[in-house]
Amino acid sequence: EDYLAERTQAEFMEALVKDRSCPGAIQATLNGNENFNEFAFDIAFTGPIPAKPFPVDPITMLEAIKLRIDYEREEIRRNHRPVTTEDIESHFANKNNTEVNESVAAFLKAESQYLSNRPPVSKVYIYIFKGLYNICFLPFQDTFEAQINGFDTNMFEESIKLNVYTATTQPGQ
């Protein structure tokens, strides 16, 4: 069962996240030409959906985009420290010209700019109450605030954990 789960996760990464074809599964779905969920279900179940739970759930397109961002970030960091906008542009220069690649590059550029110019955190508030938690970061300036809200529970004898990340920024102030 562990081997099956690892193999399925690797296939998700290769077929749905790394975007080796043009357009990849994410871009083709955004264009309305393909159905990302069908690809994910085919990989996870290799046929009809089983009646009993399976060791690996299909990934969603949002999970694939997050994995793609993480993958590209690590690829860039392997060759560049610290990462600059030019490094990101160079990395994406020889990739397929798609909206997904442009969006991932834009996100990584914004992240790089924020990390290189972020103000130090002056206050961190943490609230924990019966499986619910909230972490709030307040910087010295009022230009950025981040919150992590979470929920941990044990439903149907399965541990469920939910993290929600929200941030507000006011650039240029």
Enquirer: Rounded to the nearest 0.5 Å, what's the gap from NZ on Lys109 to CD on Glu102? Could you check?
Expert: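 Here the interatomic distance stands at 9.0 Å.
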Enquirer: Rounded at 0.5 Å granularity, tell me how far CD1 in Ile26 sits from CG in Asn31.
Expert: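 These two atoms lie 12.0 Å from each other.
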Enquirer: Are Glu63 and Lys66 within salt-bridge range, i.e. N to O under 4.0 Å?
Expert: no
Enquirer: I'd like to check the salt bridge (Lys or Arg N to Asp or Glu O under 4.0 Å) partners of Arg81; sequence neighbours left out, ordered by chain and number.
Expert: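 Per chain and number, Arg81 pairs via salt bridge (Lys or Arg N to Asp or Glu O under 4.0 Å) with no residue.
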Enquirer: Mind checking whether Thr98 and Asn101 have side chains closer than 4.5 Å, heavy atoms only?
Expert: yes
Enquirer: What are the two closest non-hydrogen atoms of Ser112 and Val83, and how far apart are they?
Expert: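 Closest approach of Ser112 to Val83, heavy atoms only: OG-O, 2.9 Å.
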Enquirer: Nearest 0.5 Å please: distance from the CG atom of Leu67 over to the CG atom of Asp70.
Expert: 6.5 Å
Enquirer: Is the backbone of Val100 close enough, under 3.5 Å, to the side chain of Gln27 for a donor and an acceptor to pair up by distance?
Expert: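 The answer is yes, because a donor-acceptor pair under 3.5 Å joins these two groups.
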Enquirer: Does Pro58 reach the side chain of Phe45, with side-chain heavy atoms less than 4.5 Å apart?
Expert: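 Pro58 vs Phe45: side chains touch.
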Enquirer: So, does Ser103 use its side chain to make a donor-acceptor pair with the main chain of Glu99 at under 3.5 Å?
Expert: yes
Enquirer: Apply side-chain contact (heavy atoms from CB on, under 4.5 Å) to Arg68 and Lys18, showing your working.
Expert: CA-CA 6 Å; Arg68 176 70 185 285; Lys18 289 187 178 177; 5.7 Å; no
Enquirer: Under the side chain to side chain contact (heavy atoms under 4.5 Å, CB included) test against Met61, which residue among Leu16, Asn37, Leu30 passes?
Expert: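 Answer after filtering Leu16, Asn37, Leu30: Leu30.
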Enquirer: Please report the C-alpha distance between Thr29 and Asn35 in whole Å, then the side-chain angles of each, then the deciding distance to 0.1 Å, and finally whether the side-chain contact (heavy atoms from CB on, under 4.5 Å) criterion is met.
Expert: CA-CA 5 Å; Thr29 299; Asn35 183 333; 5.6 Å; no
Enquirer: Quick check: do Asn96 and Pro23 have side-chain heavy atoms less than 4.5 Å from each other?
Expert: no
Enquirer: Working note: Glu111 + Arg73, criterion side-chain contact (heavy atoms from CB on, under 4.5 Å); need CA distance, chi angles, decisive distance, verdict.
Expert: CA-CA 10 Å; Glu111 179 183 67; Arg73 182 187 299 118; 2.9 Å; yes
Enquirer: Run Arg78 and Glu74 through salt bridge (Lys or Arg N to Asp or Glu O under 4.0 Å) and show every step you take.
Expert: CA-CA 6 Å; Arg78 231 179 250 151; Glu74 289 307 311; over 6 Å; no
Enquirer: Assess whether side-chain contact (heavy atoms from CB on, under 4.5 Å) is satisfied between Phe36 and Ile59, documenting all intermediate values.
Expert: CA-CA 9 Å; Phe36 184 91; Ile59 64 172; 4.3 Å; yes
Enquirer: Which heavy atom in Ala40 sits nearest to a heavy atom in Phe12, and how many Å separate them?
Expert: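 That closest heavy-atom pairing would be O-CE2, 3.6 Å.
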Enquirer: Taking atom types as modelled, is there a side-chain donor on Asp87 or Thr84 under 3.5 Å from an acceptor on the other?
Expert: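 A donor-acceptor contact under 3.5 Å links the two side chains.
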Enquirer: Got a second to check how far Glu11's CD is from Phe39's CZ, nearest 0.5 Å?
Expert: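 Answer for the CD-CZ pair, Glu11 versus Phe39, is 12.0 Å.
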Enquirer: I'd like to check Val104 versus Leu108 (side-chain heavy atoms, cut-off strictly below 4.5 Å). Are they in contact?
Expert: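 With C-beta onward as the side chain, the pair touches.
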Enquirer: Any donor-acceptor pair under 3.5 Å linking the side-chain atoms of Glu72 with those of His91?
Expert: yes
Enquirer: How many angstroms lie between CD1 in Ile65 and CZ in Phe107, if you round to the nearest 0.5 Å?
Expert: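 Between atom CD1 of Ile65 and atom CZ of Phe107 there are 11.5 Å.
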